[in-house]
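Reviewing the structure listed below.
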Amino acid sequence: MIAWYEANVVLIQSMFISLLLALSIQVPFRAGVFSLAGIGSYGIGAYTAAIVTLQLGWPPFAAIGAGMLLAAVIAYLLALVLARLSGLYLGMATIAYSLILSVAVINGGELTGGAQGLFGAVSDLQTGHVVAVAVAAVVLLALSERGRPGRWIDAVREDPELAVSVGVPVTAIRQLSFVVGGLLGACAGAMNTLLRTTVTPEEVGFHLVVLALTMIIVGGSRSWAGALIGAVVFTWLPTVLAFVGEWQTLVYGVVVAVAAIFVPTGILGLAQDFVRRLRRPALPGGRP
Amino acid sequence: MTVIEARDVAVHYGGIKAVDGVDLALEPGRICGLLGPNGSGKSTLLAALTRLVPLTRGTLLLDGAEYQNAAPASLARRGVARTFQTVRLLPDLTVAENVRLGADLRRRAPAGVVDDAIERTGLGDVVRARPGELSYGMSRRVEIARALATSPRLLLLDEPTAGMNQAERQEISELLRRLRDEGLTQLLVEHDVQLMIDTCDDLVAMNFGAVVAHGSPAEVVTDPDVQRAYLGKKWRAHA
Ligand SMILES: Nc1ncnc2c1ncn2[C@@H]1O[C@H](COP(=O)(O)OP(=O)(O)OP(=O)(O)O)[C@@H](O)[C@H]1O
Ligand SMILES: [Mg+2]
């Protein structure tokens with residue numbers, strides 16, 4: 001067990017980082033906000049953590065906190081600016097945020113290390129810290145899926161006009177989902193930088209959009225559990241698929257296409273349907 | 001004092017004058033019926049009163065205070081509840097949870113308000129069902145129960161008995177009158193003229209976005225304009 005852990009520690013770390021990244025877009029999706037700003041936030045977190053560690057010598061949690069704070073402020077401003085957009089247009093605008101960011105860091109001169117990125121951001125952040133942060137995030141999000149907040153978020157996603165008519169603060173919840181997505185994405189990016197001690201422009205590029213979306217499409221977007229399923233699948237699938245070699249990308253593509261077409265609610269949705277069917281007796285007063 | 005009032009309210013969608021200069025005032029503790037043919041602007045007027053569409057012109061008053069710029073989500077807190085013409089339930093929540101959504105606007109809802117709303121609308125047997133498993137008439141009851149769970153002072157109902165059979169309509173009519181007797185002011189949109197006469201204290205008739213008659217049910221349904229616009233021969237035979 002210990003041997004296995006030591007052999008796979010990098011994958012285990014990246015699984016938890018991926019989980020936080022997936023959550024950063026799952027949270028807005030759950031509120032019906034098609035925002036991918038969490039991915040741009042990952043870049044903000046990754047670079048902010050590197051810069052304050054290298055230039056100011058901040059301890060890891062201060063560096064992570066700085067990245068999260070900056071990303072949350074930007075996410076809030078984005079929520080204000082993009083308030084009128086929805087669906088695909090919002091998706092595109094927020095993807096643009098992460099693309100602009102990856103160009104900006106290439107041209108950021110000494111501050112961002114240009115095309116080479118930044119090296120030597122050494123800290124004492126450990127795997128256990130990452131796991132603890134991810135677990136804390138999951139617990140908080142799981143609570144937000146129950147009771148009153150859970151019903152409110154469902155209402156904002158399913159029918160904002162109805163939500164408003166029963167007093168749900170729809171605009172505030174949408175903005176909050178942007179900000180929480182920003183916090184989670186930045187947290188993932190910052191911790192990744194500190195674990196690896198480096199960050200490069202490629203790491204915060206377009207592939208993150210693909211990774212985050214595939215995790216959520218395959219896992220499911222209605223719950224944190226979907227993000228977890230996606231993170232587990234896409235961390236370990238490559239090792240399982242190693243034997244197909246160059247065909248990996250193709251297999252990936254097929255998995256995602258099949259999931260998107262046949263299982264729009266993801267593996268999580270399949271599992272929930274299954275459980276519900278097992279539990280459902282016939283209903284009195286219901287439709288025959 | 002009136003509970004809610006519309007003064008010269010207009011809502012235009014581009015060239016379509018869905019509502020065009022309506023005056024309406026609801027007295028406390030009364031049921032006001034809103035009649036009118038399809039497309040006459042009844043639902044749009046309800047949307048205007050609940051701030052779900054912007055006004056082209058006009059003034060809205062709640063307890064005498066203007067609110068035409070208020071945030072729509074603030075109205076539920078001020079005691080205004082509504083149902084929609086189409087059933088709008090959250091598909092993944094149970095009936096009980098859908099009703100609870102109405103009570104959620106208060107951090108601590110008064111004890112029993114959800115159970116009470118469920119019981120009064122006759123949903124006791126289906127609390128654990130999901131909306132997809134309900135008949136249309138049952139779904140409409142959930143809409144009413146959810147609105148009641150907000151503990152409203154004013155209830156706006158957009159065709160709450162559409163799709164119900166005669167016995168069910170009768171039941172809803174009785175429920176609305178009981179609620180009125182407990183002090184709940186209501187605005188009721190319905191096409192069933194007999195039900196409106198039986199249920200309402202006052203009637204308002206609309207056509208082409210404007211009020212064409214208002215007064216007691218007897219006055220309004222015998223008004224020649226209303227007869228021409230809406231009621232047709234079938235009802236005239238009754239009156
Ligand atoms: N969002 C909208 N955009 C454009 N036109 C609209 C919109 N909503 C309603 N209308 C138009 O406004 C007019 C009034 O519609 P409204 O739904 O208020 O009528 P109604 O009296 O409720 O009719 P019904 O009895 O069929 O429910 C109609 O001509 C309708 O087509
Ligand atoms: Mg209507």
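Here is how names work: the chains are called A, B, and so on, in the same order as the sequence lines, proteins then strands, and each is numbered from 1.
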Would you find more than 12 non-hydrogen atoms of other residues, nucleotides or ligands less than 6.0 Å from B:E27 atom CD? yes
Atom pair CG (B:L105) and OG (A:S165), whose distance is rounded to the nearest 0.5 Å: 10.5 Å
Side chain, backbone, both or neither: which part of B:P152 has an atom under 4.5 Å from a heavy atom of chain A? neither
Taking the side chain as everything from C-beta on, heavy atoms only, tell me whether A:D154 gets closer than 4.5 Å to B:L93. yes
Between CZ of A:R151 and CG of B:D104, what distance do you get to the nearest 0.5 Å? 4.0 Å
Contact winner vs chain B - A:R222, A:E161, A:R157, heavy-atom pairs under 4.5 Å: A:E161
Can you check whether A:G167's main-chain N or O pairs, donor with acceptor, with B:R77's side chain at less than 3.5 Å? yes
If you tally heavy-atom pairs under 4.5 Å against chain A, which of B:R100, B:E97, B:R82, B:R51 wins? B:R100
Interface residue of largest heavy-atom contact number with chain A, from B:L90, B:L123, B:D92, under 4.5 Å: B:L90
Contact part of B:T150 toward chain A, heavy-atom cut-off under 4.5 Å: side chain, backbone, both or neither? side chain
Side chains of A:V164 and B:L52, heavy atoms from C-beta outward: is any pair under 4.5 Å? yes
Greater than 12 external heavy atoms within 6.0 Å of A:Y76's OH: no
For A:W152 and B:L101, which heavy atoms make the closest approach, and how far apart are they? CD1-CD1, 3.8 Å
Answer yes or no: does atom CG of A:L88 have more than 12 heavy-atom neighbours from other residues, nucleotides or ligands under 6.0 Å? no
Is the shortest side-chain N to carboxylate O distance from B:R88 to A:E158 below 4.0 Å? no
May I ask you to name which of A:D159, A:T171, A:V170 has the most heavy-atom pairs under 4.5 Å with chain B? A:D159
